[in-house]
Amino acid sequence: SKARRLLDEAGYTDRDQNGFRENQDGQEIRLTLLVDPAKAHNARLTELVSEYLRSMGLRVSVKSVEGSTWITLKDRYEYDLVIARTSAWGMLMHASWATGYFDSRRTGDGVLHTVDDASFLDLCDRLLATTDPGASKRLAGSVQDYYSAHLPAVPLFWNTIITPYNQEFSGWALDPLYGLYNIDTLLNLRRETP
């Protein structure tokens, strides 16, 4: 209901009463949702997102294609909306803080490259160039502020990873990329004495 109200306030209303909203020029809003159904969860996400958008009065056409075609169409911006994934690695790639997903200078699988704003690209370049932890922390905050102000993506969900471990040992270290099997665990794992 809040989304419908915001669309109404922005002037995107159903003027011809056919169930779908028009823009200020009277053109019906038609959105293309690009998905690769082979990616985990995409079939159900596509169904839910399409249903939610239609319930707000937005006409949605789903373009479901295999992986290499998805990359090609995405890199050509032949869509209005796209369902993509993130990962722990994705949060660290490029200049970290998910910048690799949005920096317009990057293409290929796993990146959207939708932000060409000079201020964002400058933040990425400055993060890539610094080795100072204090500067990195300040720049990371600026990246988060940029995301908050510009919302380059809408996160739909984040998986919770549950990792069982043997309590007879201490020194387990959980790594977002490698789980328990990482160098810190290998160097620090010790059997607990009873």
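Numbers here simply count residues along the sequence, with the first being 1.
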Do you know which two heavy atoms are closest between [X] and [Y], and how far apart they sit?
X     : Y      : value
Ile71 : Asp109 : CD1-CB, 3.4 Å
Leu33 : Thr46  : CD2-CG2, 4.0 Å
Met56 : Ala3   : SD-CB, 3.0 Å

Is it true that the side chains of [X] and [Y] contain a donor and an acceptor less than 3.5 Å apart?
X      : Y      : value
Asn23  : Glu28  : no
Gln144 : Ser142 : no
Asp117 : Tyr146 : yes

Hey, is [X] close enough to [Y] for a salt bridge, meaning N to O under 4.0 Å?
X     : Y      : value
Glu51 : Arg54  : no
Asp8  : Arg4   : no
Asp75 : Arg106 : no

OH (Tyr52) with more than 12 external heavy atoms under 6.0 Å: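 Count not over threshold, so no.
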
Is it true that atom CZ of Phe169 has more than 12 heavy atoms of other residues, nucleotides or ligands lying nearer than 6.0 Å?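 Enclosed: over 12 neighbouring heavy atoms sit under 6.0 Å from CZ of Phe169.
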
Does Asp175 use its side chain to pair, donor to acceptor, with the backbone of Asn182 at less than 3.5 Å?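 No.
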
Are Tyr101 and His113, when compared by the centres of their aromatic rings, separated by less than 6.0 Å?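 They do not qualify: ring centres at least 6.0 Å apart.
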
Does NZ or CZ of Arg21 come closer than 6.0 Å to the centre of the six-membered ring of Tyr12, within 45° of the ring's axis?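 Not flagged: Arg21 not positioned over aromatic ring of Tyr12.
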
Classify the angle between the aromatic ring planes of Tyr147 and Phe102 as parallel (below 30°), tilted (30 to 60°) or perpendicular (above 60°).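 Perpendicular: the ring planes of Tyr147 and Phe102 meet at over 60°.
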
